[in-house]
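Below: the structure, in structure tokens.
Here the structure is a predicted model, which is why all the values come from computation and not from measurement.
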Amino acid sequence: VALKRMLNFNVPPVKNSTGEPVWKVLIYDRFGQDIISPLLSVKELRDMGITLHLLLHSDRDAIPDVPAVYFVMPTEENIDRMCQDLRNQLYESYYLNFISAISRSKLEDIANAAIGANAVTQVAKVFDQYLNFITLEDDMFVLCNQNKELVSYRAINRPDITDTEMETIMDTIVDSLFCFFVTLGAIPIIRCSRGTAAEMVAVKLDKKLRENLRDARNSLFTGDTLGAGQFSFQRPLLVLVDRNIDLATPLHHTWTYQALVHDVLDFHLNRVNLEESTGMESTPAGARPKKKNKKSYDLTASDKFWQKHKGSPFPEVAESVQEELESYRAQEDEVKRLKSIMGIEGEDEGAISMLSDNTAKLTSAVSSLPELLEKKRLIDLHTNVATAVLEHIKSRKLDVYFEYEEKIMSKSTLDKSLLDMISDPDAGTPEDKMRLFLIYYISSAQAPSEIDLEQYKKALMDAGCNLAPLSYIKQWKAFTKMASAPTSYGNTTPKPLGLFSRVMNTGSQFVMEGVKNLVLKQQNLPVTRILDNLMEMKSNPETDDYRYFDPKMLRGSDSSVPRNKNPFQEAIVFVVGGGNYIEYQNLIDYIKSKQGKHVLYGCSELFNATQFMKQV
């Protein structure tokens, strides 16, 4: 909503206006591009009158009779470039929108340039948009994508970090969270764990919200802000969690569609990049091997299949793709059949009566063609994506890993020793083995004895694993043992439903032989459990000493005693140090069972296990 308003020159778009939109150019930087691309497609931009969208730092030609909407971060180099545009008189008028608030001095730089270029009248509007976060789903957001190493897990948890560096990181995170709440138009009640980076974020965010509310003339939360109507009268709860409370989940192998795509494929800002394997035709000797085609697909909110199945276990997804394909083929055959009937000539009575009856049918069939084609596009897309995922599952035995890790995390009996799993040359990549071992190490109540550890280490080395993450996890475990007892993961294990062969008929494109048909039981991960305690006001040793901030209270009181005793209807969970789709999905599944409640999940960055292990 906020973006559409900005592209409409900061006036809310009118629903019933007829006629053409005002044609305009959109100029953004990389940050702006990342914010817009998951939300608006090129077609939607065009519908809003955007004919060209260009990067600020590219070579742009002058288009003197067109207004330009800028959407950029207020950085030195961006501002220099905007001043240069003014001097070169590139556009008819300039609407300058800053992703995050611009400082007074930089604003003066632009003003001076405008005076110098005689372009003061052409700068139509200057706005702070407070949109410095990336929305990936209706209920999920992430802070930034450019320079995300600045706020990464590693950056926050480096042992040699200086206080000033830590301040900078915290300010970056708080700036984005502040933008998020301005856009929501709500002031949260903040809860956070003590002695963690999450606490530092809470203190700073509380201060920033408080200062903004004090300044009544310029407060961003009064009057009819954008989000005034989005929330009920009750204020949302913001739970700030530190990644360190649960390091097992980011390493966990997963079984739901979206999380699997993120884990094994190149999935980034809602776009998945696939390398298409070019069949098995043998290339003649000496010929150059065929180049693999790179294809990218957008998995968005408008993709109904994705919305319905992104949280489903993989076997269900494969089955649904197959069903969709069959229903599509049936519709296609119907159109073909009608066509052949329409080709009937001759005076045959029967054919004539059939004709009038079929004209109506054909009309409806033709009108449903665009819909059919869209359906076909989605089926092809998900066939390709699911096939790529399936190849990984089969070649790396991910179903076995998932089941085994679930057993470890729920402390049930293991049917095969961990050492065997690590030494099995057919099961998984070295990285899969390392992930499995780290989960075992994190989840075990007593750390394995030195003798056992050496034995595991040797097996891992033989399997070609990089042991670097282990030393970090070892330190982390020793440290958290002092801080708190390990989090438990609930005792449930997935139930195998027998192998797939009977579910999949022979006509299916997915050859699922030997892949386990695992069904998930809902169990709450640590992050979800913490949210449940705080949202429902349950007393629990895990969360009882969480700090409580209410930016609306006149005097900030440092207490862990909540003023508000009623359960919350809306909550935002934000993980400082990075999040993943497994946790997101777990929260969504949890909230489905609660009538009328909503949860949003946010994190400072989104990583899969591979990216996380590189940081550890």
Side-chain angles (χ1 to χ4, degrees), residues 35 100 130-145 148 150-153 155-157 166 169-209 227 231 235-247 249-250 524-535 542-543 546-551 568-588 590-591 597-607 612:
I35 292 168
S100 195
Y130 293 100
L131 286 175
N132 191 13
F133 57 95
I134 299 173
T135 306
L136 295 176
E137 308 269 348
D138 290 344
D139 43 21
M140 177 182 203
F141 68 99
V142 51
L143 290 198
C144 59
N145 172 43
K148 64 172 172 229
L150 300 179
V151 294
S152 66
Y153 176 80
I156 299 172
N157 292 284
M166 193 65 172
I169 295 172
M170 294 299 128
D171 287 338
T172 313
I173 294 178
V174 168
D175 178 65
S176 283
L177 280 172
F178 181 73
C179 289
F180 175 79
F181 285 107
V182 171
T183 306
L184 264 190
I187 301 258
I189 283 175
I190 307 171
R191 302 293 307 265
C192 68
S193 49
R194 293 176 182 267
T196 57
E199 182 177 27
M200 297 168 73
V201 172
V203 173
K204 277 181 180 288
L205 182 62
D206 176 61
K207 182 165 170 271
K208 190 163 178 139
L209 288 167
F231 268 124
R235 289 164 54 196
L237 166 75
L238 168 65
V239 181
L240 286 165
V241 189
D242 198 277
R243 179 72 272 161
N244 284 321
I245 59 157
D246 171 18
L247 292 183
T249 306
N524 291 340
L525 293 172
V527 169
T528 309
R529 266 209 322 277
I530 290 170
L531 169 81
D532 180 48
N533 293 340
L534 296 171
M535 200 169 175
E542 209 179 350
T543 49
Y546 269 46
R547 290 186 64 178
Y548 177 94
F549 295 93
D550 181 348
F568 287 89
Q569 293 303 309
E570 272 109 12
I572 295 109
V573 177
F574 186 82
V575 189
V576 179
N580 51 56
Y581 282 109
I582 307 177
E583 266 169 2
Y584 163 65
Q585 196 52 53
N586 193 254
L587 277 171
I588 301 305
Y590 155 81
I591 211 73
K597 300 204 168 193
H598 301 288
V599 160
L600 305 172
Y601 178 75
C603 47
S604 48
E605 62 169 331
L606 200 54
F607 44 53
F612 182 54

The reported gap from CZ in Arg191 to OG1 in Thr543 (rounded to nearest 0.5 angstrom) is 7.5 Å
Quick one, Phe549 and Val203 - any side-chain contact, counting heavy atoms below 4.5 Å? yes
Taking every heavy atom of Asp242 against every heavy atom of Ala198, the minimum-distance pair comes out as OD2-N, 3.5 Å
Once you round to the nearest 0.5 Å, how far does OG of Ser100 lie from CZ of Phe133? 11.0 Å
Identify, with sequence neighbours excluded, every residue that meets side chain to side chain contact (heavy atoms under 4.5 Å, CB included) alongside Lys207. Glu211
Go through the steps for Met535 and Ile591 under the test side chain to side chain contact (heavy atoms under 4.5 Å, CB included), then give the verdict. CA-CA 11 Å; Met535 200 169 175; Ile591 211 73; 4.2 Å; yes
Identify the heavy atoms of Met166 and Met200 that sit nearest to each other, and give their distance. CG-CE, 3.4 Å
To the closest 0.5 Å, what do you measure between CG (Asp246) and OG1 (Thr528)? 9.5 Å
If only atom types and distance count, is the side chain of Thr183 paired as donor or acceptor with the main-chain N or O of Tyr130 below 3.5 Å? yes
Under 3.5 Å: donor-acceptor pair, side chain of Arg547, backbone of Cys192: no
Step by step, work out the side-chain hydrogen bond (donor to acceptor under 3.5 Å, both in side chains) result for Asn524 and Asp532. CA-CA 9 Å; Asn524 291 340; Asp532 180 48; 5.1 Å; no
Within the structure provided, determine whether Ile173 and Ile156 are in side-chain contact (heavy-atom separation under 4.5 Å). yes
Strictly by salt bridge (Lys or Arg N to Asp or Glu O under 4.0 Å), give each pair with a member in residues 177-189 just once, sequence neighbours left out. none
Decide whether Asn132 and Asp175 meet the rule of one side-chain donor and one side-chain acceptor closer than 3.5 Å. yes
Contact between Gln569 and Leu237 at the side-chain level, heavy atoms closer than 4.5 Å - yes or no? no
Does any N or O in the side chain of Lys204 come within less than 3.5 Å of the main-chain N or O of Asp171, such that one atom is a donor and the other an acceptor? no
Determine whether Val201 and Phe574 satisfy the following criterion, side chain to side chain contact (heavy atoms under 4.5 Å, CB included), listing intermediate values before the conclusion. CA-CA 10 Å; Val201 172; Phe574 186 82; 5.6 Å; no
Side-chain donor or acceptor of Tyr153 paired with backbone N/O of Gly579 under 3.5 Å: no
Ion pair present between Arg243 and Glu605, side-chain N to carboxylate O less than 4.0 angstrom? no
Return the orientation label for the Phe141 and Phe180 ring planes: parallel under 30°, perpendicular over 60°, tilted otherwise. parallel
Would you call Asp139 and His598 a side-chain contact if the rule is heavy atoms closer than 4.5 Å? no
So how far is it from Leu525 CG to Tyr584 OH, rounded to the nearest 0.5 Å? 15.0 Å
Are side-chain heavy atoms of Val573 and Leu587 found at a separation under 4.5 Å? yes
Does any N or O in the side chain of Gln585 come within less than 3.5 Å of the main-chain N or O of Tyr581, such that one atom is a donor and the other an acceptor? no
For Tyr601 and Ile588, what are the C-alpha separation, side-chain angles and deciding distance, and is it a side chain to side chain contact (heavy atoms under 4.5 Å, CB included)? CA-CA 9 Å; Tyr601 178 75; Ile588 301 305; over 6 Å; no
Verify, without hydrogens or angle tests, whether Ser193 (side chain) and Tyr546 (backbone) share a donor-acceptor contact under 3.5 angstrom. no
Whether the side chain of Asn580 engages the backbone of Glu583 through a donor-acceptor N/O pair (distance < 3.5 Å, no angle test) should be reported. yes
Nearest 0.5 Å please: distance from the NZ atom of Lys597 over to the OH atom of Tyr590. 6.5 Å
Measure from the side-chain N and O atoms of Ser604 to the backbone N and O of Gly577, and report whether any donor-acceptor pair falls under 3.5 Å. yes
With the side chain counted from C-beta on, respond yes when Val576 and Thr196 share a heavy-atom pair under 4.5 Å apart, and no when they do not. no
Could you tell me which non-hydrogen atom of Leu531 sits nearest to which non-hydrogen atom of Ala571, and how far apart they are? CD1-CB, 3.6 Å
Rounded to the nearest 0.5 angstrom, the CG-CG distance for Leu240 and Leu205 is 7.0 Å
Can you name the closest pair of heavy atoms from Cys603 and Leu606 and give their distance? SG-CD1, 3.9 Å
Asn586 and Val527, any side-chain heavy atoms less than 4.5 Å apart: no
Under a 4.5 Å cut-off applied to non-hydrogen side-chain atoms, are Pro188 and Leu209 in contact? yes
Over all atoms of both residues, closest heavy-atom pair of Pro551 and Ile190: CG-CD1, 4.3 Å
Using the rule side chain to side chain contact (heavy atoms under 4.5 Å, CB included), only one of Leu177, Val239, Leu184 pairs with Ile572; which is it? Leu184
